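Since this is a predicted model, take the numbers as computed values, not measurements. Scope of the values below: all heavy atoms of this structure, side chains included, with no hydrogens, waters or symmetry mates.
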Amino acid sequence: MKVKKAIIPAAGFGTRVLPASKAVPKEMLNIVDKPAIQYIVEEAVAAGIEDILIIVSRGKGIIEDHFDHAFELERQLEGKKGKEEIYEQVKAIANLANVYFVRQKQMKGLGHAVLCAKPFVGNEPFAVMYGDDVTISDKPVIGQLCDAYEKYGCGSVGVQQVSREDIKKYCTLDVSPLEGRVMQCHNIIEKPTEEQIMSLYAILGRVILPPEAFKLIEETPYDAKTGELYLSDAMVGLAKAGKLTAVDFEGIRYDMGNKLGIMKANCEVALNHPEIGDDFKAYLKELVKTF
């Protein structure tokens, strides 16, 4: 079965990028000329996903507004000489996909956020695309995972290798080679200690899950220290049953919940931007001479 539905959890407070996220959700912080969450929605659409549910929280109505028509703005742009391209771009945002919203009324972790989407998903496989993570690739990263799901008929997680220090902030995977960039995932440990590190592969923002994952999430206990329900803990059941692959995806991932990640995303995307790329590159060359 093809993956046609995606969940984008976007309810977090964005504490790592305060004070910018005090009034503007971190998902709406720009990467050059588009908010981060638009890149994620466009990635899903490019992979053939048709229905997208964005999990939001109080104060994030601006995300809903972004994916709706702005009739007053569209009327101002329509028919204006020199504004034809931007008019089409603005109008197209509301027609990218079938975008829906639901509120996560308590911040209880990623697993809890995914549970909020159970009625939306039904009995279908689904993608989870973390709202903090923007990926840039010639082939959509979530599409690479969809290919693995369709070939092997089981859940799939998008991974890349990180430093030994960073792996302790994410999760560590026990993996073995399967085919090409695809591995079998046998176990996952969230936020491992030094002794628990199984590999330097970490899940970085993209997951495909079968509908049976909801039962595993519901049976997973909340973390005693944080009170959160970790999605990775729930996926251990799939891994130990031989029903989870890990794809070492091709592409660049930017952590938009991190100040340096935001700056890297803006800098690197700007360098490849058709409108400002050449001028920005020239600017950077001159700027680095002064440091």
Side-chain angles (χ1 to χ4, degrees), residues 1-13 27 40 44 49-58 60 98-133 142 145-146 148-150 152-159 170-175 184-192 196 198 202-247:
M1 181 182 288
K2 289 189 175 293
V3 179
K4 294 295 184 182
K5 292 184 176 180
I7 303 164
I8 304 177
F13 294 117
E27 297 84 8
I40 301 173
I49 290 170
E50 299 172 353
D51 298 308
I52 299 169
L53 180 69
I54 302 178
I55 312 291
V56 295
S57 57
R58 182 178 175 275
K60 295 204 175 189
N98 301 317
V99 181
Y100 308 92
F101 297 87
V102 69
R103 280 195 177 189
Q104 183 184 16
K105 296 175 183 177
Q106 293 177 288
M107 302 298 104
K108 291 186 176 181
L110 183 58
H112 179 266
V114 171
L115 276 181
C116 294
K118 186 178 179 180
F120 166 79
V121 170
N123 193 36
E124 296 183 39
F126 61 100
V128 182
M129 305 174 71
Y130 301 9
D132 280 348
D133 293 298
I142 200 63
L145 270 64
C146 287
Y149 178 86
E150 291 172 22
Y152 298 100
C154 61
S156 187
V157 294
V159 303
Y170 298 112
C171 60
T172 181
L173 278 65
D174 177 15
V175 293
Q184 190 73 44
C185 179
H186 307 286
N187 195 14
I188 306 169
I189 297 177
E190 182 75 25
K191 294 182 172 59
Q196 291 175 317
M198 299 178 289
I203 300 171
L204 297 180
R206 299 293 182 267
V207 175
I208 301 287
L209 292 173
E212 66 195 77
F214 284 112
K215 186 174 185 295
L216 294 172
I217 298 170
E218 289 168 341
E219 294 172 350
T220 300
Y222 287 77
D223 185 88
K225 291 183 179 178
T226 65
E228 294 188 352
L229 177 54
Y230 293 120
L231 182 62
S232 55
D233 287 349
M235 290 191 291
V236 169
L238 290 174
K240 293 190 173 180
K243 296 181 178 180
L244 191 68
T245 63
V247 178

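For the residue pair Val128 and Leu231, the shortest heavy atom distance occurs at CG1-CD2, 4.4 Å. For Ile49 against Val3, the heavy-atom pair with the smallest separation is CG1-O, 3.8 Å. Considering all non-hydrogen atoms of both residues, Val175 and Cys185 come closest at CG1-CA, 4.1 Å. A pairwise comparison of heavy atoms in Ile52 and Ile8 identifies CG2-CD1, 3.7 Å as the closest pair. Annotation for Pro125 and Lys2: closest pair CG-O, 4.0 Å, computed over non-hydrogen atoms. Across Pro9 and Leu110, no two heavy atoms sit closer than the pair CG-CD1, 3.5 Å.
A distance-only check finds no donor-acceptor pair linking the side chain of Lys60 to the backbone of Arg103 [under 3.5 Å]. Thr172 contributes a side-chain N or O that, together with a main-chain N or O of Met198, makes up a donor-acceptor pair within less than 3.5 Å.
Under the side-chain contact (heavy atoms from CB on, under 4.5 Å) test applied with Met235, the options Leu216, Leu173, Leu209 reduce to a single match, Leu209.
Expressed to the nearest 0.5 Å, how far CG of Asp233 lies from CD1 of Ile189 amounts to 10.0 Å. With values rounded to the nearest 0.5 angstrom, Ile142 atom CD1 is found 4.0 Å from Ile208 atom CD1. Note that CG of Leu145 and CE of Met129 are 9.5 Å apart. Values are rounded to the nearest 0.5 Å. Within the model, atoms CZ of Phe101 and CG of Leu53 stand 8.5 Å from one another, a figure rounded to the nearest 0.5 Å. In this structure, the separation between CD on Glu50 and CG on Asn98 is 7.5 Å, given to the nearest 0.5 Å. Atom CG of residue Asp174 and atom CD1 of residue Ile188 lie 10.0 Å apart, to the nearest 0.5 angstrom.
Two residues are said to be in side-chain contact when any heavy atoms from C-beta on lie closer than 4.5 Å; Tyr100 and Asp51 meet this criterion. At a threshold of 4.5 Å between non-hydrogen side-chain atoms, the residues Ser57 and Met107 count as touching. In this structure the side chain of Glu190 never reaches within 4.5 angstrom of the side chain of Ile203, judged on heavy atoms.
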Hey, mind stepping through Lys108 and Glu228 against side-chain contact (heavy atoms from CB on, under 4.5 Å) and telling me if it holds?
CA-CA 5 Å; Lys108 291 186 176 181; Glu228 294 188 352; 5.8 Å; no
For Glu212 and Leu238, run side-chain contact (heavy atoms from CB on, under 4.5 Å): C-alpha distance rounded to whole Å, both residues' side-chain angles, the deciding distance at 0.1 Å, then the answer.
CA-CA 9 Å; Glu212 66 195 77; Leu238 290 174; 3.8 Å; yes
(request) Please lay out, stage by stage, how Gln106 and His112 fare under the test side-chain hydrogen bond (donor to acceptor under 3.5 Å, both in side chains). (result) CA-CA 9 Å; Gln106 293 177 288; His112 179 266; 5.3 Å; no
Requested in this report: Assess whether side-chain contact (heavy atoms from CB on, under 4.5 Å) is satisfied between Leu115 and Gln104, documenting all intermediate values.
Outcome: CA-CA 9 Å; Leu115 276 181; Gln104 183 184 16; over 6 Å; no
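More than 12 heavy-atom neighbours from other residues, nucleotides or ligands sit within 6.0 angstrom of NZ on Lys5.
For Phe126, the ring pair (Phe, Tyr, Trp, His ring centres under 6.0 Å) criterion is met by Phe214, not counting sequence neighbours.
A side-chain N or O of Tyr230 and one of Thr226 form a donor-acceptor pair less than 3.5 Å apart.
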